[in-house]
Amino acid sequence: MPELPEVEVVRRGLSRWITNQEVLDVEVLDPRSVRRHRQGPIDFVTSLRQAVLEQPQRRGKYLWIPLHHAPIEQKSPTALVVHLGMSGQILLSHHSAPAPHHLRIRLRLDSASGHGQAPTELRFVDQRIFGGLYLDRLVPTADEPDELIPTTVTHIGRDPLDNHFDVDHIYQVLSKKQTAIKRALLDQNLVSGIGNIYADEALWRAKIHYNRPCNRLSRKQVRTLYQCVQKVMEQALKEGGTSFDALYVNVNGESGYFDRSLNAYHQEGKYCRRCLAEGYDTFIRRDKFMNRSSYYCPRCQRKPRTTQR
DNA sequence: ACTCTGTCCTGGAAGC
DNA sequence: TGCTTCCAGGACAGAG
């Protein structure tokens, strides 16, 4: 399940190989993968053809590649926006390599214009079709006029690895929220890039129960929690991201190995590693929360007294 | 204004 | 064996 570290691994791979390459041709094999492109699949193909791909950017789980249309007068800057959803992959291959099973979109690239052994095709593969590609206009952000982001990403909050990430501002917002802390962690408008895996891992590290009301957390607890988010994401990035199966891979099709470092997520029934080190044999538990699983240690992460859903 | 649920999707696993 | 049901969850529309 791609969250921030996985998307960043993909961004770095793309940056190395596709920057300054021209799109020779585009093929949409499943129109559902471009459903967020309002003007439809045909416009997607014709608008992307002959565009030159610039340095890929990211905010949270959103990835975008600014486009440069060499021969055409630039109306306003645009970008190819990528969201991997649940199972999306960006793969760089030779165009003659066999097509993977869930191949949805292919971009033929002009490898001759760039690096010698560059791949000749960018492929979007997506089993569950929650992800997709679309074109969008780039606009300056509200607080940094030199920073351009797609209009559809303006409502997304800065992520924990962003230089302008401001934890005191986050605390101010959280102190007014009634809702459970995990719901706030997963809310991409406040802070982006956190999904179910890193939410559970950060809460475990910070020893906070997923159902703790936001407005009952101290400034210190909020600081600690977001430091834990940053630490767990930095470690995951170092280890190439989390892969449970073939659903998440980097641009070369390789899996990350952060799943071996997980302390809570997917660890139901296993000993809590921290408790074990302290001489307790507590098991990690799984609760249903927000229609998904929440993994936690019942000793380290005590339930709030007033349990609300 | 804020909070929360339902929906989109596929395929592997579990249940009968 | 073969069928059905469940489960995974990111983002957003729309309900409360």
In whole angstrom, give the distance that lies between atom [atom1] of [X] and atom [atom2] of [N].
{"X": "A/His155", "N": "B/dA1", "atom1": "NE2", "atom2": "P", "answer": "17 Å"}
{"X": "A/Gln178", "N": "B/dA1", "atom1": "CD", "atom2": "P", "answer": "17 Å"}
{"X": "A/Asn291", "N": "B/dC8", "atom1": "CG", "atom2": "P", "answer": "14 Å"}
{"X": "A/Lys182", "N": "B/dT3", "atom1": "NZ", "atom2": "P", "answer": "18 Å"}

**OP:** Between A/Tyr62 and A/Arg292, just flag the one whose closest nucleotide in DNA chain C comes earlier from the 5' side.
**Re:** A/Arg292

**OP:** Just report the end-to-end axis angle for the helix from B/dC2-C/dG16 to B/dC16-C/dG2, five pairs per end, to 10 degrees.
**Re:** 60°

Original post:
Residues in side chain to side chain contact (heavy atoms under 4.5 Å, CB included) with A/Val45, at least two apart?
Top reply: A/Val26, A/Val28, A/Arg49

Original post:
With sequence neighbours excluded, what pairs up with A/Asp143 under the side chain to side chain donor-acceptor pair (under 3.5 Å) test?
Top reply: A/Arg158

Original post:
For A/Ile156, which fellow cluster members are found when Ile, Leu, Val, Met, Phe, Trp and Tyr are connected by side-chain heavy-atom distances below 4.5 angstrom, either directly or through intermediates?
Top reply: A/Tyr62, A/Trp64, A/Val81, A/Tyr134, A/Leu138, A/Leu148, A/Ile149, A/Val153

**OP:** Give the other cluster members for A/Tyr271, using side-chain heavy-atom distances under 4.5 Å between Ile, Leu, Val, Met, Phe, Trp and Tyr residues; answer none if it is isolated.
**Re:** A/Leu276, A/Phe283

Subject >> Residues in contact with DNA chain B, drawn from residues 165-174 of chain A - heavy-atom cutoff 4.0 Å >> reply: none

Sorted by first residue and then second, give each salt bridge (Lys or Arg N to Asp or Glu O under 4.0 Å) pair with at least one member in [range]; sequence neighbours left out.
{"range": "residues 79-104 of chain A", "result": "A/Asp30-A/Arg104"}
{"range": "residues 271-285 of chain A", "result": "A/Glu278-A/Arg299"}
{"range": "residues 171-180 of chain A", "result": "none"}

**OP:** Under the side-chain hydrogen bond (donor to acceptor under 3.5 Å, both in side chains) rule, what do A/Tyr265 and A/Asn196 come out as? Steps first, then yes or no, please.
**Re:** CA-CA 8 Å; A/Tyr265 185 84; A/Asn196 208 33; 4.7 Å; no

**OP:** Please work out whether the ring planes of A/Tyr226 and A/Phe165 are parallel, tilted or perpendicular, with thresholds of 30° and 60°.
**Re:** tilted

Original post:
Does a side-chain heavy-atom distance below 4.5 Å link A/Leu109 with A/Leu24?
Top reply: no

Subject >> chain A contact limits on DNA chain C, taken 5' to 3' with a cut-off of 4.0 angstrom to heavy atoms >> reply: C/dA8 to C/dC12

**OP:** Just jot down the ring-ring contact (aromatic ring centres under 6.0 Å, His included) partners of A/His102, sequence neighbours excluded, or say none.
**Re:** none

**OP:** Would you indicate whether A/Arg38, at its atom CZ, is surrounded by more than 12 heavy atoms from other residues, nucleotides or ligands within a distance under 6.0 Å?
**Re:** no

Using nucleotides 9-12 of chain B, report all nitrogen or oxygen pairs with the protein that are shorter than 3.5 Å.
{"unit_1": "B/dC9", "atom_1": "O3'", "unit_2": "A/Arg32", "atom_2": "NH1", "d": "3.4"}
{"unit_1": "B/dT10", "atom_1": "OP1", "unit_2": "A/Arg32", "atom_2": "NH1", "d": "2.9"}
{"unit_1": "B/dT10", "atom_1": "OP1", "unit_2": "A/Arg32", "atom_2": "NH2", "d": "3.1"}
{"unit_1": "B/dG11", "atom_1": "OP1", "unit_2": "A/His102", "atom_2": "NE2", "d": "3.2"}

